[in-house]
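All values reported here derive from a predicted model rather than from experimental measurement.
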Amino acid sequence: MNKNGEIADIFDNIADALEFKGENVFKINAYRKAARVLREFPGDISKVKPAEIEGIGKGLAEKIEEYLATGSIKKHAEALSDIPEGLLDLLKIPSLGPKTLYYVYKELGVKGLSELEKVIEDGSLAQLDGMGEKKAENIRRGIELYKEGKSRIPIGLALPVVSEITSALKKVTKKASPAGSLRRMKETVGDIDILAADDNAEKIIEKFVTHPLVRSVNARGNTKASVIVDFHNLQVDVRVVDEDSWGAALVYFTGSKAHNVKIRSLAKDKNLKINEYGVFRGEKRIAGKTEEEVYKTLGMKWMPPELREDRGEIEASLKGNLPQLVELKDLKGDFHIHSNYSDGTNDIRTIVLAARDLGYEYVGICDHSKTSRIANGLDVNMLKKRNAEIDEVQEGIPGIRILKGTEVDILSDGNLDYPDIVLEQLDFVIAAVHQGFRKNVTHRMKQAMDNPLVDVLAHPTGRLLSGREGYEINLEEVMEHAAKRNVALEINATYDRLDLNDVNIMTAKSFGTVFIIGTDAHNIRMLRDTELGIGMARRGWLVRKDILNAYTWDNIPLRRRRNR
DNA sequence: GCCGTTTTCGGCCCGACTGTTTTCAGTCG
């Protein structure tokens with residue numbers, strides 16, 4: 001893979017060091033911004049001129065080039081030289097910021113976690129000027145959370161919880177909505193933001209902090225409260241504004257931070273001020289009730305939350321060029337569903353009925369091939385038997401077309417797990433790597449795509465959000481080859497995969513590939529994970545025509561049809 | 001450290017809550 005992420009990490013690390021030393025905050029922000037831009041850059045940074053990217057100027061471009069040439073950055077070593085190793089990791093502790101960390105380092109000689117715990121235990125931290133018992137206690141609780149590994153969780157896990165809390169709030173107020181990265185459909189979420197609008201903030205805060213899922217209350221003010229819920233130690237914040245501020249607050253709390261910074265700065269150019277209460281000219285509020293109104297004061301159209309990452313959406317909106325993003329209702333079918341013939345839990349009939357209930361025009365049954373023993377992969381005879389059952393079920397169920405498919409293994413030698421004569425009998429073929437993650441994967445995938453019977457490449461990176469790194473692969477080479485061979489890349493919608501993700505999608509689209517959204521469902525409940533796949537697609541700026549299963553069956557430009 | 005048709009110097013988004021303070025700094029988002 002490219003070095004974008006490695007350099008981004010170094011820039012963040014330098015930012016931490018500068019922050020610790022109390023350097024100019026704008027310089028620190030410049031490093032942070034560059035780190036973000038690098039992480040989200042849809043391409044290989046070594047193949048472009050970094051200084052031409054917004055947010056990266058002459059100085060940082062030189063550092064990027066230094067890293068690409070030498071594998072390190074002098075400024076990095078320099079920034080860290082007088083800081084004990086590992087000390088900056090403590091910045092991840094909630095309620096412990098750079099000022100306090102520096103303070104305890106200078107005054108008490110704290111150089112690591114154990115020493116920090118010691119000065120809290122023996123009371124010496126609390127005795128410092130400006131500190132006190134409560135601050136010490138907050139940091140102690142922060143350390144607990146830090147140790148529990150409070151980290152971002154996949155959005156698919158957070159959504160049901162958030163929706164339950166939001167529903168509860170809606171019982172006492174008309175307007176309540178998730179905001180933050182969850183509303184933007186980011187693949188993982190950290191803290192959860194929920195916004196509500198009402199004249200009586202107190203009753204909403206009360207409803208919130210007494211919700212059965214709440215384990216502890218971190219903060220509770222007049223318009224804002226913060227709790228930890230009994231689910232992955234998730235922190236949930238609720239903020240209440242009055243109804244006239246609903247739109248402005250929704251924009252503000254949806255973010256992203258980078259998006260907000262840019263629109264506020266645009267507002268400033270127009271002598272306006274934007275905050276969570278509205279858009280102001282002097283003292284006078286000129287907008288704020290709806291999001292549309294807020295954007296309009298800046299000469300922009302409303303934009304979908306999934307785009308709000310400062311990746312060009314503001315410029316596009318100003319020019320009136322926002323894409324018409326694909327929507328959930330555009331999907332006409334799902335290709336990637338496992339039945340109980342392999343490792344799915346439901347039988348074909350149940351799956352087909354569920355798909356028809358979702359309003360699908362077609363549904364693809366897609367079981368594992370024989371080498372995936374652990375997933376009960378089908379040998380050729382079982383595949384025949386399954387296909388016969390599909391025909392039988394089809395006769396009894398009108399109104400939806402059942403497609404015969406397979407998720408065929410790309411074997412370690414690059415061959416497919418079924419011979420062509422078997423693949424030819426199917427309506428579509430999805431090829432996937434399930435073994436040999438470090439073994440020549442780029443070449444094997446390309447070889448698989450050279451077979452004209454392969455329509456789709458499944459979960460192209462192989463990563464899992466729960467921690468698995470994924471294939472050792474040159475992703476861009478694979479994407480380019482997919483575009484050349486007319487093979488669709490999957491946006492796998494399983495909550496732990498989301499593979500491709502938003503940044504990958506943008507890169508792939510730049511090569512000209514098409515996509516399918518596949519749930520990889522192993523039970524009918526998972527059919528609804530299309531919501532997550534659509535979220536990724538929208539974050540990747542995809543429109544309806546980019547996604548094959550947004551076409552009707554008669555018009556779908558599946559590879560085998562285009563090749564005919 | 002970045003950026004620019006009001007600027008190549010002097011700006012850089014804005015506010016709530018907490019805990020420690022007699023008016024504010026730190027953290028967070």
Take atom P in B/dC28 and the same atom in B/dT23, then report the distance between them in whole Å. 26 Å

Apply the test side-chain hydrogen bond (donor to acceptor under 3.5 Å, both in side chains) to residues A/Asn492 and A/Asp499: give CA-CA distance (whole Å), side-chain angles for both, the deciding distance (0.1 Å), then the verdict. CA-CA 5 Å; A/Asn492 189 297; A/Asp499 176 11; over 6 Å; no

Quick check on B/dT7: syn or anti? Syn means the glycosidic torsion is within 90 degrees of zero. syn

Taking only the C1' atom of each, what is the distance from B/dT6 to B/dG11 in whole angstrom? 13 Å

Between B/dG19 (P) and A/Leu96 (CG): distance, integer Å: 15 Å

Got A/Asn218 and A/Val227 here, is their nearest side-chain heavy-atom distance under 4.5 Å? no

Whole angstrom value for the distance that separates C1' of B/dG1 from CG of A/Asn13: 17 Å

Pairwise N/O distances under 3.5 Å, protein to nucleotides 3-6 of chain B:
from  : atom 1 : to      : atom 2 : distance (Å)
B/dC3 : OP1    : A/Gly55 : N      : 2.6

Rounded off to whole Å, could you give me the CD1-to-P distance for the A/Ile10 and B/dG1 pair? 15 Å

Of A/Gly132 and A/Asp237, the one whose nearest nucleotide on DNA chain B sits closer to the 5' end is A/Gly132

First encountered from the 5' end of DNA chain B, between A/Ile93 and A/Gly221: A/Gly221

Decide, yes or no, whether a salt bridge links A/Lys329 with A/Glu327 under the criterion of side-chain N to carboxylate O below 4.0 Å. yes

Gap between atoms CZ and C1', on A/Arg32 and B/dC28 respectively (whole Å): 13 Å

Answer yes when A/Asp16 and A/Arg32 have at least one side-chain N-carboxylate O distance shorter than 4.0 Å, and no when they do not. yes

Roughly, in whole Å, what's the span from NZ in A/Lys33 to P in B/dG11? 19 Å

Rounded P spacing from B/dG26 to B/dT21 in Å: 13 Å

Please give the distance between the C1' atoms of B/dT8 and B/dG1 as a whole number of Å. 15 Å

Is there a Watson-Crick or G-U wobble partner for B/dT18 with both distances under 3.5 Å, and which nucleotide is it? B/dA25

Take A/Phe20 and A/Tyr105 through the test ring-ring contact (aromatic ring centres under 6.0 Å, His included) and record every step on the way to the result. CA-CA 10 Å; A/Phe20 177 75; A/Tyr105 164 65; 5.6 Å; yes

Whether the side chain of A/Arg141 engages the backbone of A/Ala136 through a donor-acceptor N/O pair (distance < 3.5 Å, no angle test) should be reported. no

What's the gap between B/dC12 and B/dA16 when it is taken at their C1' atoms, as a whole Å value? 22 Å

Exam field: side chain A/Asp193 to backbone A/Val238, donor-acceptor pair closer than 3.5 Å: no

Hey, what are the protein-to-nucleotides 22-24 of chain B N/O distances that come in under 3.5 Å?
none

Quickly work out the A/Lys99 NZ to B/dT20 P distance and round it to whole Å. 19 Å

Counting only heavy atoms not in A/Lys21, do more than 12 fall under 6.0 Å of its NZ? yes

Within residues 106-117 of chain A or reaching into it, pairs that qualify as side-chain hydrogen bond (donor to acceptor under 3.5 Å, both in side chains) - sequence neighbours excluded: A/Glu117-A/Lys147

Sticking with atom C1', work out how far B/dT5 lies from B/dT20, rounded to a whole angstrom. 48 Å

Intermediate values then yes/no, side-chain hydrogen bond (donor to acceptor under 3.5 Å, both in side chains), A/Asp529 and A/Thr519: CA-CA 6 Å; A/Asp529 285 347; A/Thr519 55; over 6 Å; no

Provide, to the nearest angstrom, the distance between the NZ atom belonging to A/Lys63 and the C1' atom belonging to B/dC2. 12 Å

The side chain of A/Lys135 lies closest to which of these nucleotides: B/dG19, B/dG1, B/dT27? B/dG19

Any side-chain N or O of A/Ser95 under 4.0 Å from OP1/OP2 of B/dT18? no

Could you go through residues 313-325 of chain A and list every donor-acceptor pair under 3.5 Å that involves a side-chain atom there, pairing it with any protein atom two or more places apart or in another chain?
from     : atom 1 : to       : atom 2 : distance (Å)
A/Glu313 : OE1    : A/Asp310 : N      : 3.2
A/Glu313 : OE1    : A/Arg311 : N      : 2.7
A/Glu313 : OE2    : A/His259 : ND1    : 2.8
A/Glu313 : OE2    : A/Glu309 : N      : 3.2
A/Glu313 : OE2    : A/Asp310 : N      : 2.6
A/Glu315 : OE2    : A/Lys262 : NZ     : 3.0
A/Ser317 : OG     : A/Lys301 : N      : 3.1
A/Ser317 : OG     : A/Lys301 : O      : 3.1

P atoms of B/dC2 and B/dC13, separation to the nearest Å: 16 Å

For B/dA16, does either OP1 or OP2 sit under 4.0 Å from a side-chain N or O belonging to A/Asn222? no

side-chain hydrogen bond (donor to acceptor under 3.5 Å, both in side chains) contacts in which one or both residues fall within residues 154-179 of chain A, not counting sequence neighbours: A/Thr173-A/Asp198

Which part of the nucleic acid, if any, lies within reach of A/Thr223 when heavy atoms closer than 4.0 Å are counted: base, sugar-phosphate only, or nothing? sugar-phosphate

Looking across every strand, which nucleic acid part, if any, lies under 4.0 Å from A/Asp129 by heavy atom: base, sugar-phosphate, or nothing? nothing

Within the sub-3.5 Å range, which N or O atoms of nucleotides 12-15 of chain B have a protein N or O partner, and how far apart are they?
from   : atom 1 : to       : atom 2 : distance (Å)
B/dC12 : OP1    : A/Lys268 : NZ     : 2.3
B/dC13 : O2     : A/Arg264 : NE     : 3.3
B/dC13 : O2     : A/Arg264 : NH1    : 2.9
B/dC14 : O4'    : A/Arg264 : NH1    : 2.2
B/dC14 : O2     : A/Tyr252 : OH     : 3.4
B/dG15 : OP1    : A/Lys273 : NZ     : 3.2
B/dG15 : OP1    : A/Asn275 : ND2    : 3.1

Answer yes if the side chains of A/Asn200 and A/Glu202 hold a donor-acceptor pair under 3.5 Å, and no otherwise. no

Measure from CZ on A/Arg141 to C1' on B/dC28 and round the result to the nearest Å. 15 Å

